[in-house]
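In what follows, a structure is listed as structure tokens, so that the remarks can point back to it.
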2 protein chains.
Amino acid sequence: MIPGMATPVVLGLSAVIVAVTGEEPRLLTVGTSPVGLPSGQLDPEGDRTLERALRRWVREQTGIDLGYVEQLYSLGDRDRGPHQGERLVTVAYLALVREGPVPVQSGARWRDFYSFFPWEDFREGPPPALGSAVVPALEGWVAGAAEGAVGEARRERVQIMFGRRGSPWDVERVLERYELLFEAGLISEAGAPDGPVPGEPMALDHRRIAAQALGRLRGKLRYRPVVFELLPPTFTLGRLQRVVEALSGVRLHSQNFRRLVGKGGLVEPTGEVDASTGGRPAAVYRFRREVLRERPAPGVGLPGMRTSG
Amino acid sequence: MIPGMATPVVLGLSAVIVAVTGEEPRLLTVGTSPVGLPSGQLDPEGDRTLERALRRWVREQTGIDLGYVEQLYSLGDRDRGPHQGERLVTVAYLALVREGPVPVQSGARWRDFYSFFPWEDFREGPPPALGSAVVPALEGWVAGAAEGAVGEARRERVQIMFGRRGSPWDVERVLERYELLFEAGLISEAGAPDGPVPGEPMALDHRRIAAQALGRLRGKLRYRPVVFELLPPTFTLGRLQRVVEALSGVRLHSQNFRRLVGKGGLVEPTGEVDASTGGRPAAVYRFRREVLRERPAPGVGLPGMRTSG
DNA sequence: TCTCCTTCTACTCCATCTGAGCATAACCCT
DNA sequence: AGGGTTATGCTCAGATGGAGTAGAAGGAGA
């Protein structure tokens, strides 16, 4: 940095690119040890919009042309950039792509999303990491509070975010859980060696961004038909359900699920059947666009959370 | 701009500051003809976080110390800044404050939120501006499409966003309606004289930011107890209801509303009564914090929008 | 071929939630 | 005292969501 000149602002762009392969949610990463999110920076003269700049960078780094893209959040804390003498403000995006186009060159790689957040996957019951590592570590943090009031506040936050003592587990609070773990010193950002809590690290604050993306995506499933961005044009209801389960991290009652999306007008049968599913051949469906005209908030509806009340 | 030097990025911050006075939702504005949102820019060296920078600017411009603040969106299109030779990227925030502290000095002023979006207020039935100006103008735009496919797409968007032909009116789609009006050329940004559609203009793209804020706030009412940020610590249910109505722009069934917030555990009676409401004295309530532990998404629940389905 | 296993699909049951209306209470004003 | 206004309690029907039972239709293996 030139002395006497103001610190320049650098506008960074990062993308959380999600796909679902089979039953697994995937996250596109670049680099190694630690991995990171595809990222670049705005060309203040060349890029007409932030989103275009993001698409350009992702194409260059991974060879993928993004479809559905949505802005997530902007991060601008003073100490978060890798370089001195500049202020890095990053606009993070969530992107959804269909499975398949595994990038080859460029070192970009699909990774299991839950390898970064093992405590978020309840599909096979409570994650082992939760009871064996996360909860004990959090309890230690609560007990470690000097004053009573601080301890009580910590206890309440743990209870709410991690569903202890009868509080429900809210699948959408991914970011809040991550931040709580971070605040408790149980997770180290910026690729430092793991704390007591398991999960792969990521570069800079990328893991935090990924956590926010997962939470947002889980929430959006509920009231916008975003799942279909991750699926081919036609699919079976079983496949649709497995994608929703992969993202939400919980199992769904399949009879109710099919009633929900069918009667709800979200999908319609194409008339074909797919016999490759194992048991009885499944009817093939497609997304029913007209639902957008009929219902204000068409989504798939996750369990345990009525509208309000 | 110095030739040969890269265009610098300037990071702007803007705040949509909302209060409710009596029955009216208010927006804090600065300047005149057109008015604008309180705004400033990041000091890359001095401001530790974006949010702190925002609070600093708002305090300087309006004398208000913000309480609840939440990030809305970042805007960075190339042509949006007022100055040549720099790239203005703005991070917009939504802030909620309690009624009362009307700023005096500094030219900041509270204004009726709906003076900028007259078509969004359904409390007294469909807004006159909607049927007399907005819909006819939109129909002209639809009819003006050259090709059939384009016209059909326009018609569908109008139907969905403005609840025509049996589609429901979704109170949360404030931004999408605004963008549709803008795209149709019915609204002029940057304080140009009004188009065919009524509503006060604002500086730059501030009106768009305000539209997004209102939509976000309406949505958030449903699943987070944000209303209480706008109310004193204790209040009557009638007052609570009027605040929700002011923001959502629709009337609620008061018996059901009281059942919802009461049985839902959102509020609890203090034991006092308030006889100043006109008719029968009303019981005074307070927000019940414990609800955060009990329910994943505590909110007030607006009509016409079940969870999913 | 027959049996078992798997997945897909159709229904039923029931608790809860939501929307709407009826009725009453308790204050003010004229 | 009567009428107007706001507050509050209660009922009822229809919609919604969670959970279970049962049968259909394929494949794998005995």
Side-chain angles (χ1 to χ4, degrees), chain A residues 22-23 168 221-223 234-242 244-245 248 250-285 294-309, chain B residues 22-23 168 222-223 234-245 248 250-285 294-309:
Chain A
E23 310 230 337
L221 283 180
R222 183 187 305 288
Y223 62 94
T234 65
F235 44 83
T236 66
L237 292 189
R239 177 102 177 79
L240 175 61
Q241 182 178 345
R242 280 188 297 276
V244 173
E245 289 173 338
S248 65
V250 292
R251 285 261 169 256
L252 303 174
H253 182 110
S254 57
Q255 296 96 316
N256 290 343
F257 180 80
R258 102 181 352 261
R259 175 179 63 185
L260 205 65
V261 298
K263 301 241 168 168
L266 210 60
V267 297
E268 61 190 357
T270 66
E272 298 149 68
V273 291
D274 179 353
S276 68
T277 54
R280 170 176 171 175
V284 175
Y285 288 78
E294 299 159 1
R295 295 225 323 264
V300 291
L302 305 180
M305 199 162 167
R306 297 266 169 115
T307 299
S308 58
Chain B
E23 311 231 336
R222 182 187 306 287
Y223 62 94
T234 65
F235 45 82
T236 67
L237 292 189
R239 177 101 178 81
L240 175 60
Q241 183 179 345
R242 279 187 299 277
V243 171
V244 173
E245 288 174 338
S248 66
V250 291
R251 285 261 170 255
L252 303 173
H253 182 107
S254 57
Q255 297 95 316
N256 290 343
F257 180 80
R258 99 178 1 255
R259 176 179 61 187
L260 204 65
V261 297
K263 303 241 168 169
L266 209 59
V267 297
E268 62 190 355
T270 66
E272 297 149 69
V273 292
D274 179 354
S276 69
T277 54
R280 167 173 172 176
V284 174
Y285 289 78
E294 300 160 2
R295 295 224 324 264
V300 293
L302 304 181
M305 198 161 168
R306 300 268 169 111
T307 299
S308 57

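In the text below, chain A, chain B and the rest are named by the order of the sequence lines, each starting its count at 1.
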Protein-nucleotides 6-8 of chain D N/O pairs closer than 3.5 Å?
from, atom 1, to, atom 2, distance (Å)
D:dT6, O4', B:Gly279, N, 3.3
D:dT6, O2, B:Arg280, N, 3.1
D:dT8, OP1, B:Ala283, N, 2.6
D:dT8, OP2, B:Arg258, NH1, 3.4
D:dT8, OP2, B:Arg258, NH2, 2.4
D:dT8, O5', B:Arg258, NH1, 3.4
D:dT8, O5', B:Arg258, NH2, 3.4

Can you tell me how far [atom2] of [N] sits from [atom1] of [X], to the nearest Å?
| X | N | atom1 | atom2 | answer |
| --- | --- | --- | --- | --- |
| A:Arg251 | D:dG20 | CZ | P | 16 Å |
| A:Leu260 | C:dT9 | CG | C1' | 16 Å |
| A:Asp274 | C:dT6 | CG | C1' | 15 Å |
| A:Lys263 | D:dG18 | NZ | C1' | 16 Å |
| A:Leu252 | C:dC8 | CG | C1' | 16 Å |

Problem set entry | Distance in Å, A:Arg295 CZ paired with A:Leu266 CG, rounded so as to fall on 0.5 Å steps |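 A:Arg295 atom CZ to A:Leu266 atom CG measures 6.5 Å (nearest 0.5 Å).
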
Exercise. Atom OG1 in B:Thr236, atom CZ in B:Arg258: separation rounded to 0.5 Å?
Worked result: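 It is 9.0 Å, given to the nearest 0.5 Å.
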
Problem set entry | Any N/O donor-acceptor pair, A:Asn256 side-chain to D:dG18 base, under 3.5 Å | yes

Exercise. Going by modelled atom types, is there a donor-acceptor pair between the base of D:dG17 and the side chain of A:His253 at under 3.5 Å?
Worked result: no

Exercise. Listed by chain and number, what are the ring pair (Phe, Tyr, Trp, His ring centres under 6.0 Å) partners of A:Tyr285, not counting sequence neighbours?
Worked result: none

Exercise. Hey, are the side chains of B:Val243 and B:Phe235 touching, using non-hydrogen atoms and a 4.5 Å cut-off?
Worked result: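 No, too far: nothing below the 4.5 Å cut-off.
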
Exercise. Got B:Gln241 and B:Val244 here, is their nearest side-chain heavy-atom distance under 4.5 Å?
Worked result: no

Exercise. Starting at the 5' end of DNA chain D, which residue's closest nucleotide do you reach first, A:Ala275 or A:Arg259?
Worked result: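 Upstream on the strand: A:Arg259.
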
Exercise. Who passes side chain to side chain donor-acceptor pair (under 3.5 Å) against A:Thr270, sequence neighbours left out?
Worked result: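 Side chain to side chain donor-acceptor pair (under 3.5 Å) check on A:Thr270 returns A:Glu272.
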
